[in-house]
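Please read the structure below before turning to the comments.
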2 protein chains.
Amino acid sequence: MAEKATINDIARLTGLSKGTVDRVLHNRGEVSKKSYDKVMDVIRELGYEPNLYASLLARGEQRTIVLLFPAHEKGSYWELASAGEVKAQSALKPLSIVTRQINYNQYSADSFREACSIVLEMHPDGVVIAPMFQYETQVFAKELTSRSIPYALVDTKLDMPGYLAFYGIPAYKSGYLCAYMLSEGESLKEALIVRIMRDKDRQSDPTVMRRAGFMDYMLEHNPGCTIRSLFIDPSDPAATDDALDAFFQEFPHVRHIVMFNSRIHLIVPYLERHPRVRRVVGFDNLSANLAALRRGTVSALIAQHPEEQVFQAIQTLADKIVFQRQPDLTDNYMHMDVLLRYNTEDY
Amino acid sequence: MAEKATINDIARLTGLSKGTVDRVLHNRGEVSKKSYDKVMDVIRELGYEPNLYASLLARGEQRTIVLLFPAHEKGSYWELASAGEVKAQSALKPLSIVTRQINYNQYSADSFREACSIVLEMHPDGVVIAPMFQYETQVFAKELTSRSIPYALVDTKLDMPGYLAFYGIPAYKSGYLCAYMLSEGESLKEALIVRIMRDKDRQSDPTVMRRAGFMDYMLEHNPGCTIRSLFIDPSDPAATDDALDAFFQEFPHVRHIVMFNSRIHLIVPYLERHPRVRRVVGFDNLSANLAALRRGTVSALIAQHPEEQVFQAIQTLADKIVFQRQPDLTDNYMHMDVLLRYNTEDY
DNA sequence: AACGCCTCCGTGCCCGGGCACGAAAAATTT
DNA sequence: AAATTTTTCGTGCCCGGGCACGGAGGCGTT
């Protein structure tokens with residue numbers, strides 16, 4: 001009973017033909033206002049939903065969603081994120097949707113611009129952007145909008161009107177939480193923030209917001225704490241070691257370290273050779289980070305499930321592309337997980 | 001290019017008609033051996049795969065997945081789990097799959113058996129079981145298998161051959177983690193486990209495994225710690241208060257409390273009236289638990305995302321039912337999240 | 001009045017496969 | 001050899017929607 005309504009039912013009930021109903025359904029124009037309204041009324045009344053199979057069968061073509069990500073090596077944050085693409089691929093195969101990834105150099109706006117034009121040439125049906133450059137991304141987004149290609153943002157939410165959805169964690173709060181984990185149960189006198197040299201150049205960076213959240217927590221709960229910074233070069237382990245050595249020579253009493261990017265693992269070798277700190281808190285479940293967590297060198301990690309973010313973003317786009325479904329929320333702040341020594345294994 | 005072969009291509013190449021090809025494809029008989037072989041040869045040669053959309057469209061029926069869950073009230077653990085059903089429902093609507101939930105009394109094997117027969121009468125295409133009774137579930141599972149109805153398990157993994165997939169967290173490890181969070185950074189002399197009276201009767205219970213993991217951690221890291229138990233009645237808040245009162249009269253130095261079920265919130269009112277403990281650790285993100293966490297009464301919660309478990313289980317079944325797709329993994333241990341005061345908001 | 005041009009709409013075929021029905025071919029029976 | 005049964009097969013319509021094409025009707029122009 002209660003058979004699902006079809007396009008023919010609507011045609012019959014409105015006294016129009018299915019061609020017209022179809023035009024209404026796809027906003028393809030060439031329909032008078034009167035007919036349009038009549039069709040819409042009946043659609044609402046019947047709660048009509050198109051039959052996915054019939055639709056897919058009739059259309060038959062393949063849709064493409066392109067991911068615009070920073071280039072990444074093995075074991076990096078963006079590789080984690082790419083796991084979400086794989087997961088989405090298998091879920092979307094039955095919908096004849098394929099995904100492709102285009103990469104850019106996260107330290108070069110030029111390379112980003114170049115990647116953007118490659119994406120456009122592919123005539124994608126949807127784009128997932130992990131943005132790094134505010135201005136360039138805005139330009140690109142405008143271009144996508146003008147071609148009415150929907151796009152979603154992951155990781156960093158730039159000021160950008162017109163995106164279909166954003167998936168990421170609340171950066172400020174994650175910094176706040178980070179400070180709580182670093183200091184909970186003790187009263188800190190000193191703490192160290194380790195930063196990546198090149199990151200200073202970037203125009204946009206969630207680590208900035210994290211730092212702000214961190215600072216605010218400390219101000220509220222450990223106002224007497226002195227917070228120092230140290231810059232390291234990710235491509236030069238020896239120099240990193242030296243820098244840390246020099247730092248601890250000067251400030252031997254520091255026992256608490258944080259990093260707001262995903263690369264806490266860079267300082268792990270040093271810490272394991274010179275065990276002196278009490279708590280080390282970092283971000284993201286890179287395998288190198290997890291290993292350090294299991295060994296106890298790192299006390300806690302805040303994980304943001306990049307693969308989930310990407311998966312969801314792709315799903316949302318697919319929903320939009322295939323079913324013209326608008327997502328309920330545009331800004332989806334996902335949960336931050338706290339990883340401790342004994343809950344890392346199932347990652 | 002490399003268009004996918006259709007049933008018509010095969011018909012053409014074999015010189016037979018698509019009716020015959022169809023009979024071969026479905027082993028529906030009424031085909032001579034010669035024709036059968038010819039068709040099979042061409043199928044293999046072309047690597048023919050039927051178009052699922054066309055097939056589903058032509059067949060057109062609705063599939064049903066039934067969830068067999070304990071009955072639950074507002075704000076309970078199984079209500080959280082049911083959120084996964086809602087999520088799955090909207091995702092599966094386009095695949096013409098509906099879900100229905102059948103509930104049983106989690107303290108009565110009889111009611112479980114009854115619920116099982118109701119499920120069977122519904123002629124489901126797949127079943128998700130949240131099992132409580134080892135033996136009865138095995139009987140039911142055997143029945144499902146004999147009718148070749150696939151089923152998935154969530155929450156508790158019983159010893160049960162033939163299930164399509166299991167989704168849950170590793171219970172033993174979660175207890176281990178729980179102990180770590182309760183004691184990390186201090187050396188405990190005493191701790192209290194609060195338990196639910198009726199739970200003693202149940203034949204199977206992840207809380208048993210959790211307790212084991214907890215005990216082992218304590219044995220390894222706090223061997224001198226005395227661990228006491230207290231049973232409370234969930235339906236009688238006044239008695240709970242009294243029990244706690246009596247307990248602390250007798251053991252005034254206990255400062256650490258755990259509960260291995262989802263109902264840590266039951267002791268929160270008492271704790272807030274008599275603030276005396278240092279750390280309180282519980283399970284699951286029930287809203288009452290989260291509220292207590294935010295107020296600081298509860299120190300940490302281990303959350304297992306029941307809604308995700310259920311969602312995934314349903315998805316896996318749907319994949320099997322619609323696309324005959326076998327899942328990669330049968331045992332899916334999901335991540336346990338640690339919830340602290342400052343990462344609860346996005347739940 | 002004849003013509004052209006829009007706007008709006010209906011018709012009909014297609015997508016790939018499922019399946020009922022009936023006909024042709026082969027095998028048996030008389 | 002004719003009649004009957006059984007086996008094997010082809011035809012044609014259906015599922016629900018997408019979409020190209022062309023036609024009807026309204027409007028304005030010459």
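First the proteins, then the strands, lettered A, B, ... as listed; each starts at 1.
- Closest to the side chain of B:Leu57, out of D:dC15, C:dC15, D:dG17, is D:dC15.
- Look at CZ on B:Arg59: it is 17 Å from C1' on C:dA20, rounded to the nearest Å.
- Regarding A:Tyr53, its OH atom lies at a distance of 15 Å from the P atom of D:dG18, rounded to whole Å.
- One N or O on the side chain of B:Thr316 and one on the backbone of B:Gln312 form a donor-acceptor pair closer than 3.5 Å.
- Atom CD in B:Glu30 sits about 15 Å away from atom C1' in C:dA26, given to the nearest Å.
- Between B:Tyr333 and B:Tyr167, the gap from one ring centroid to the other reaches at least 6.0 Å.
- When the P atom of C:dG10 is taken as reference, atom CZ of A:Arg12 falls 15 Å away, rounded to whole Å.
- Within the 4.5 Å cutoff, no side-chain heavy atoms of A:Val127 are placed close to those of A:Ile65.
- Side-chain atoms of A:Lys18 come within donor-acceptor range of the base of D:dG18, with a qualifying N/O pair under 3.5 Å.
- When rounded to the nearest whole Å, the span between CD1 of B:Ile7 and P of D:dC9 equals 15 Å.
- In this structure, A:Asp22 reaches the bases: a heavy-atom distance under 4.0 Å links it to at least one base atom across the strands shown.
- Side chains of A:Tyr36 and A:Asp41: no donor on one and acceptor on the other come within 3.5 Å.
- Heavy atoms of A:Leu16 sit under 4.0 angstrom from primed sugar atoms or phosphate atoms, though from no base atom.
- Within the nucleic acid shown, A:Tyr36 has no heavy atom closer than 4.0 Å to any nucleic acid atom.
- Within the 4.0 angstrom heavy-atom criterion, no nucleotide atom of any strand lies near B:Gly29.
- Here D:dG16 presents its C1' atom at 5 Å from CG of A:Asn51, a figure rounded to the nearest Å.
- Nearest to the side chain of B:His26, among C:dG16, D:dC9, C:dG18, sits C:dG18.
- Rounded to whole angstrom, the span from the CG atom of B:Leu46 across to the C1' atom of C:dG16 amounts to 15 Å.
- Note on B:Ser35: a side-chain N or O is less than 4.0 Å away from OP1 or OP2 of D:dC9.
- For the pair A:Val66/A:Gln101, no side-chain contact is recorded, criterion being any heavy-atom separation below 4.5 Å from C-beta on.
- In this structure, A:Thr6 does not reach the D:dG16 phosphate: none of its side-chain N or O atoms is under 4.0 Å from OP1 or OP2.
- Place B:Glu49 and A:Lys33 on DNA chain C by their nearest nucleotides, and A:Lys33 ends up nearer the 5' end.
- Residue B:Arg23 has its side chain nearest to C:dC21 when only C:dC8, C:dC21, C:dG17 are considered.
- With C:dG17, D:dC9, D:dG16 as the candidates, the nucleotide lying closest to the side chain of B:Ala54 is C:dG17.
- With distances taken from any side-chain atom of B:Arg28 to the nucleotides C:dC19, D:dG18, D:dG17, the minimum falls on C:dC19.
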(request) Could you walk me through whether A:Phe69 and A:Tyr104 pass ring-ring contact (aromatic ring centres under 6.0 Å, His included), step by step? (result) CA-CA 6 Å; A:Phe69 279 14; A:Tyr104 64 91; 8.7 Å; no

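- With D:dG10, C:dG17, C:dC9 as the choices, the nucleotide that has an atom nearest any side-chain atom of B:Ser55 turns out to be C:dG17.
- Distance A:Lys34 NZ to D:dG26 P: 12 Å, rounded to the nearest Å.
- Nearest nucleotide to the side chain of A:Thr20, out of C:dG10, C:dG18, D:dG17: C:dG10.
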